[in-house]
Amino acid sequence: MIDTNLIKENPKSVSEKLALRNYNFNIELFEASETERKKYQTETEDLQAQRKALSKEFGMLKKEGKDDPALSKKIDSMKSDLDKCSSKLSNIQTTLKELLLDIPNLPDESVPTGKNEESNVKIRNFGEPTILKGKDHLEITSMIDTDSANLLAGSRFAVLSGEIAKLQRALITFMLDKAEEHGYTEHYLPMVANTESLTSTGQLPKFSDDLFQLTDDYYLIPTAEVPLTNLYRDQILNINQFPLKLTAHTSCFRSEAGSYGKDTKGLIRQHQFEKVELVQICHPEKSYEALESLTSHAETILKELNLPYQVVELCTGDLGFAAAKTYDLEVWIPSQETFREISSCSNCTDFQARRAKIRFKEDGASKLAHTLNGSALAAGRALIAVIENNFDQNSTIKIPEVLQDYTKFTSIKI
RNA sequence: GGAGAGUUGGCUGAGUGGUCGAAAGCGCCUCCCUGCUAAGGAGGUAUAUGGGUUUACUGUAUCGAGGGUUCGAAUCCCUCACUCUCCGCCA
């Protein structure tokens, strides 16, 4: 949620910023609702104050064994006024809340403007793609089996076996160890989240179609960002704890509604995939610094795996709902001869913190913290990248050195 | 799955219809005293949101959540969630 004071103080600038990310903000509707809200809230509170006073009076008289019919009458009419007023108030509050929950975060000043991903800006790159027109991971190994997964569950799932399954496990463990080196505390988390958690991080109510829902209040998590950030929901944190640095490996579940026909082959786009996530919760003045460091933490992993990648800054039109600024890491996929997203590192500023009520105390006042998150990395895509970039186009996948301690083998013979 | 007990401020915990945003203790902050330390004394210390000369001050809401009874609910009733104990089952 964005700060309503910003809207009140400078609605024009807010709506312009939102327009940059293709969000059409209805100022008139907001302002009308807000005026209504204020009117009914003041009125309701006045009536509540009246009720308090009259009830007290009534009680005093009763104690003395007296009755005052005029007073009773007054109370009756006050009550019906109050009922009307407060139900109007709660209606308008609901409308306002819906309005506010629908608005994405404001892009940071530094974010390049643009309508869509074509305006994203390449910041830097690492390594040189050595393999062009390489075989794709399904052609390389039968230890990635989508047919069996289709039998078990359906499309967009995979069964990994043997050395490939081990390689993925090695990748995950390696990533977690790297995160720990960078000061992140490892967590094991529920992979189910409730409505409140998902609302706090911004997946709900707007993007319910992207989630797998189990029952009314249970959803499979689309990313560990949800449980990690929600660990501190409704809390006032000690400023000395900052920055909080958290990591976890979880399975992630996405319905991929609306991506029919996109990336249907292979592991690129799955309903279920493994990911190591980094989350930071920090002081508002430190969050952009933190974004740079978090991004570099994710990059370290690609570097050590010796995978060619590029860092891209998303333009305003391509930003995720909760993000004020985002860097995507894109890894070279030889079979597609293109860079594909393997990590997305975002500063969500106070957007999630406001929804989740993650606060800290400074100078006696309670303030909202800033939250950041980034993948380090998506293991399924990392697996593809390792396989395809290290395949000799004949019979052998070489295991990157840093993984060999984890895999206990140095190559995979096909 | 069965039976029972709970859920109150940063923590412990009192409060069974009004004077309760809530005793007391702990913790924390400020000050005083004591030449260090320990001990002692005085005061302060929830959150959200509104009004205001944006300072002082002040309205309202919040005692797990939602509904109900009542002039009035932390307190009574109903529903739900969660926690704990015992039994059963189980990786």
Side-chain angles (χ1 to χ4, degrees), chain A residues 1-9 30-101 188-200 204-205 213-219 227 230-242 244 251 281 350-369:
Chain A
M1 223 149 51
I2 62 172
D3 186 357
T4 50
N5 285 321
L6 286 178
I7 310 178
K8 286 179 210 164
E9 280 158 20
F30 174 81
E31 286 185 337
S33 311
E34 182 57 18
T35 315
E36 282 262 286
R37 194 219 95 227
K38 208 165 214 172
K39 179 179 150 208
Y40 285 113
Q41 182 159 333
T42 324
E43 210 168 308
T44 301
E45 289 179 358
D46 281 351
L47 287 165
Q48 281 170 329
Q50 259 186 59
R51 177 180 65 186
K52 242 183 176 171
L54 293 177
S55 291
K56 204 169 229 174
E57 205 178 318
F58 187 97
M60 299 290 235
L61 286 175
K62 197 116 196 200
K63 225 172 203 171
E64 294 166 31
K66 286 184 205 158
D67 251 334
D68 184 348
L71 181 62
S72 300
K73 210 162 191 182
K74 204 166 158 193
I75 288 173
D76 275 352
S77 81
M78 180 275 303
K79 266 183 83 174
S80 85
D81 287 350
L82 178 59
D83 279 352
K84 276 183 225 153
C85 206
S86 68
S87 81
K88 268 187 195 148
L89 175 63
S90 81
N91 283 343
I92 202 96
Q93 276 172 334
T94 311
T95 315
L96 258 175
K97 186 103 200 217
E98 280 167 8
L99 219 81
L100 287 169
L101 284 176
Y188 170 77
L189 302 160
M191 289 177 224
V192 168
N194 57 30
T195 307
E196 211 178 327
S197 294
L198 287 156
T199 305
S200 294
L204 289 178
Q213 182 169 20
L214 300 175
T215 57
D216 273 2
D217 201 35
Y218 285 142
Y219 296 82
N230 273 280
L231 276 173
Y232 295 93
R233 191 173 77 217
D234 284 319
Q235 292 188 36
I236 299 178
L237 301 166
N238 190 327
I239 195 166
N240 300 325
Q241 299 171 267
F242 285 164
L244 288 162
S251 299
I281 299 177
D350 61 8
F351 186 84
Q352 294 179 324
R354 183 170 292 105
R355 291 173 166 233
K357 301 190 184 73
I358 302 172
R359 293 152 296 173
F360 67 98
K361 280 248 168 144
E362 191 175 52
D363 305 326
S366 91
K367 303 179 179 175
L368 293 167

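The basis for the numbers below is simple: all heavy atoms, side chains too, and nothing from hydrogens, waters or symmetry mates. Naming: A, B, ... by sequence-line order, numbering from 1 per chain.
In this structure, CG of A:Asp234 is placed 13 Å from C1' of B:U62, rounded to the nearest angstrom. We find that CD of A:Glu196 is positioned 12 Å from C1' of B:G64, with the value rounded to whole Å. Distance, A:Gln93 CD to B:A61 P: 13 Å, rounded to whole Å. We find that CG of A:Leu47 is positioned 12 Å from P of B:A61, with the value rounded to whole Å. The separation between A:Asp83 atom CG and B:G67 atom P is 12 Å, rounded to whole Å. The nearest whole Å value for the distance from the CZ atom in A:Arg359 to the P atom in B:U47 is 8 Å. Distance A:Glu57 CD to B:U19 P: 15 Å, rounded to the nearest Å. Distance, A:Leu61 CG to B:G18 C1': 13 Å, rounded to whole Å.
Open room surrounds NZ on A:Lys74; 12 or fewer heavy atoms of other groups in view lie less than 6.0 Å from it.
Rounded to whole Å, the separation between the C1' atoms of B:C26 and B:C78 comes to 38 Å. Here the separation of B:U60 from B:U85, taken at their C1' atoms, is 41 Å to the nearest Å. Comparing the same atom, C1', in B:G15 and in B:C32 gives a spacing of 34 Å after rounding to whole Å. With C1' as the reference atom, B:A5 and B:G72 are 30 Å apart, rounded to whole Å. A gap of 12 Å separates the C1' atoms of B:U69 and B:G17, to the nearest Å. Rounded to whole Å, the separation between the C1' atoms of B:G25 and B:G13 comes to 8 Å. Between B:C63 and B:C57, the distance separating the two C1' atoms is 27 Å to the nearest Å. Using C1' as the reference atom, B:A56 and B:C71 are 35 Å apart when rounded to the nearest Å.
Of all nucleotides present, none satisfies the Watson-Crick or G-U wobble test against B:A74 with each distance under 3.5 Å. For B:C33, there is no paired base (Watson-Crick or G-U wobble, both distances below 3.5 Å). With both pairing distances under 3.5 Å, B:C28 is matched to B:G44 as a Watson-Crick or G-U wobble pair. Look at B:C84: its Watson-Crick or wobble partner, with both distances under 3.5 angstrom, is B:G4. A 3.5 Å limit on both hydrogen-bonding distances identifies B:G51 as the Watson-Crick or G-U partner of B:C57. The base-pairing partner of B:A38, taking Watson-Crick or G-U wobble contacts with both distances under 3.5 Å, does not exist among the strands shown.
Between the side chains of A:Asn194 and A:Ser197, at least one donor N or O sits under 3.5 Å from an acceptor N or O.
For A:Leu6, the side chain to side chain contact (heavy atoms under 4.5 Å, CB included) partners at least two apart in sequence or on another chain are A:Asp3, A:Val14, A:Leu106.
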Going by atom type alone, with no hydrogens or angles, which donor-acceptor pairs under 3.5 Å involve a side-chain atom of residues 78-88 of chain A and a protein atom two or more places apart or on another chain?
unit_1  : atom_1 : unit_2  : atom_2 : d
A:Ser80 : OG     : A:Ser77 : O      : 3.3
A:Ser86 : OG     : A:Leu82 : O      : 3.1
A:Ser86 : OG     : A:Asp83 : O      : 3.4
A:Ser87 : OG     : A:Lys84 : O      : 3.2

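The line from CG of A:Asn230 to CD1 of A:Ile358 is 7.0 Å long, rounded to the nearest 0.5 Å.
Within 4.0 Å (heavy atoms only), A:Leu54 reaches no atom of the nucleic acid at all. Residue A:Ile236 is in sugar-phosphate contact alone, with no base atom involved, counting any heavy-atom pair closer than 4.0 Å across all strands shown.
You'll find the side chain of A:Glu196 reaches within 4.5 Å of the side chain of A:Asp234, heavy atoms only. At least one side-chain heavy atom of A:Ile2 sits less than 4.5 Å from a side-chain heavy atom of A:Phe351. Inter-residue side-chain proximity for A:Phe58 and A:Asp68 is flagged as unmet; no heavy-atom pair is nearer than 4.5 Å. The shortest side-chain heavy-atom distance between A:Leu96 and A:Thr4 does not fall under the 4.5 Å cut-off.
Closest to the A:Tyr218 side chain, of the nucleotides B:U47, B:C82, B:C71, is B:C82.
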Between protein and nucleic acid, restricted to nucleotides 49-52 of chain B and to nitrogen or oxygen atoms under 3.5 Å apart, what atom pairs and distances do you find?
unit_1 : atom_1 : unit_2  : atom_2 : d
B:U49  : O2'    : A:Gln41 : NE2    : 3.0
B:G51  : OP1    : A:Lys38 : NZ     : 3.1

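Phosphate contact (OP1/OP2 of B:G59, side-chain N/O of A:Lys52, threshold under 4.0 Å): absent.
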